[in-house]
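Input: a single structure, listed below in structure tokens.
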Amino acid sequence: MFTIGDFARHGRVSVRMLRHYDATGLLHPAHVDPATGYRYYSAAQLARLNRVIALKDLGFTLQQVQEIVDEKVTTEELRGILRQRRAELETAVAAAGARLVQVEARLRAIESEGHMPTNDVVIKAVPAVRVAELTATAASFEPEAISPVIGPLYDELFRRLGAAGITPTGPGIASYEDAPEGEGRISVHAAVQVSAPLQDGAVRILDLLPFERAATIVHRGSMDTVLPTAQTLARWIDANGYRAAGYPREINLECPENRDDWVTELQVPVSPA
């Protein structure tokens, strides 16, 4: 038997926590000395303590924890519960990480305000280009809505091109437009340059229209951090007497495995204001 202090040390918890668990019925001592009131615990109780702590740390309320441990959940059932909760937490962490990236991008955009580029933006004509394309719909033009759509879309595009024996001949080109259903939804077009006959099949092959005049800028880094670059381009367009005539195209000039090393050209069709 262990004193409450010894048991707390072995369980890596506080004495105060053990007293609270006793009061709530989560973990009673194996024995309480009737004369002194001292609490004593057995080594076998470490198993219940571990379950209680694991469930609590995974976000379950103490009431939920008690329901789980008192129903004599088997070890395998508990593993299943913990795996499910772990997956939920991993999803939450990933979402929080994505939000943090966007917050940092907004901060960089704010920090760049008032600093007009002198040679970052180039006005040029963009010729028509033949591409293979797949299209899907995103809920909005926000990065957190676009990213989960365009990544799988490109994966599927390259899978279908491989199955059709079509080899890309140039960079990937992402483009956007307002979706027919409206309500802020966006049609996301994932395309890659090819040399193949026009067709509508498992992969649509078409000619992207040329831009007579486009304001362009190169973004270096993950597209999750494109906001400051895109807003730099927008400020330049406004300050130099142009107006944008559509969503930007994104030309994937370099796409190594590390997204932080990506190089992407943004092309915004413009006309004189």
Side-chain angles (χ1 to χ4, degrees), residues 83-84 86-88 90-99 101-102 105 126-181 183-211 214 216 218-227 229-230 246-268:
R83 288 192 192 103
Q84 179 179 352
R86 181 179 62 187
E88 292 170 354
E90 287 173 346
T91 299
V93 168
R99 285 195 298 272
V101 168
Q102 295 310 315
V126 176
V129 60
R130 182 158 297 183
V131 298
E133 176 186 277
L134 288 181
T135 300
T137 301
S140 71
F141 199 52
E142 295 174 300
E144 54 266 34
I146 296 295
S147 295
V149 173
I150 198 165
L153 206 56
Y154 266 114
D155 291 341
E156 179 63 13
L157 173 63
F158 286 118
R159 187 192 69 78
R160 294 189 188 186
L161 288 175
I166 299 174
T167 302
T169 58
I173 303 173
S175 59
Y176 311 90
E177 61 183 338
D178 294 331
E181 54 266 43
E183 298 183 355
R185 292 183 176 88
I186 298 295
S187 292
V188 179
H189 304 283
V192 65
Q193 188 172 343
V194 296
S195 177
L198 298 175
Q199 60 176 297
D200 282 317
V203 175
R204 185 185 180 201
I205 296 180
L206 70 156
D207 290 329
L208 286 183
L209 294 176
F211 290 153
T216 68
V218 172
H219 171 69
R220 300 180 185 277
S222 166
M223 290 304 291
D224 291 334
T225 65
V226 74
L227 183 66
T229 306
Y247 286 95
R249 285 180 187 168
E250 300 164 357
I251 315 302
N252 309 129
L253 302 178
E254 297 179 23
C255 294
E257 185 174 348
N258 186 347
R259 290 172 173 262
D260 292 336
D261 295 330
W262 282 14
V263 179
T264 307
E265 182 179 78
L266 306 185
Q267 301 175 345
V268 176

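Predicted model, so just to flag it, every value in this text is computed and none were measured.
- Residue R249 is tested with V268, L208, L266 for a side chain to side chain contact (heavy atoms under 4.5 Å, CB included); the sole match is L208.
- Across all non-hydrogen atoms, the minimal contact from T169 to S195 is OG1-N, 3.7 Å.
- Here the CG-CD distance, from L153 to E133, works out to 8.5 Å after rounding to the nearest 0.5 Å.
- Taking the side chain as every heavy atom from C-beta outward, V188 and T137 never approach each other to under 4.5 Å.
- Taking each heavy atom of F158 and P168 in turn, the nearest pair found is CE2-CG, 3.9 Å.
- To the nearest 0.5 Å, atoms CE (M223) and CZ (R259) are separated by 10.5 Å.
- Contact check for V126 versus P210: no side-chain heavy atoms found under the 4.5 Å cut-off.
- N252 is listed as a side-chain neighbour of Y154, based on a closest heavy-atom distance under 4.5 Å.
- Of the inter-residue distances, the one linking H189 atom NE2 with L134 atom CG reads 11.0 Å to the nearest 0.5 angstrom.
- Between I205 and R130, some side-chain heavy-atom pair lies under the 4.5 Å cut-off.
- With rounding to the nearest 0.5 angstrom, the CZ atom of F141 is 6.5 Å from the CD1 atom of I186.
- Within the 4.5 Å cutoff, the side chain of C255 has no heavy atoms near those of the P171 side chain.
- Between the side chains of E250 and H219, no donor-acceptor pair is found at a separation under 3.5 Å.
- A donor-acceptor pair is defined here as one N or O able to donate and one able to accept, closer than 3.5 Å; no such pair exists between the side chain of R185 and the backbone of A179.
- Of all heavy-atom pairs between L157 and A190, the closest is CD2-O, 3.5 Å.
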> Does the pair I173 and V129 meet the rule for a side chain to side chain contact (heavy atoms under 4.5 Å, CB included), with working shown?
Replying inline: CA-CA 10 Å; I173 303 173; V129 60; 3.9 Å; yes
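- A 4.5 Å side-chain heavy-atom check between W262 and D224 finds every atom pair outside the cut-off.
- Counting all heavy atoms, side chain and backbone alike, L161 lies closest to A132 at CD2-CB, 3.7 Å.
- From E90, atom CD reaches atom CZ of R86 across 6.0 Å, with rounding to the nearest 0.5 Å.
- Atom OG of S147 sits about 11.0 Å away from atom CD of E142, to the nearest 0.5 Å.
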>> Does V192 form a side chain to side chain contact (heavy atoms under 4.5 Å, CB included) with V131? I'd like the steps, not just the answer.
In response: CA-CA 5 Å; V192 65; V131 298; over 6 Å; no
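- For the pair L253/T264, no side-chain contact is recorded, criterion being any heavy-atom separation below 4.5 Å from C-beta on.
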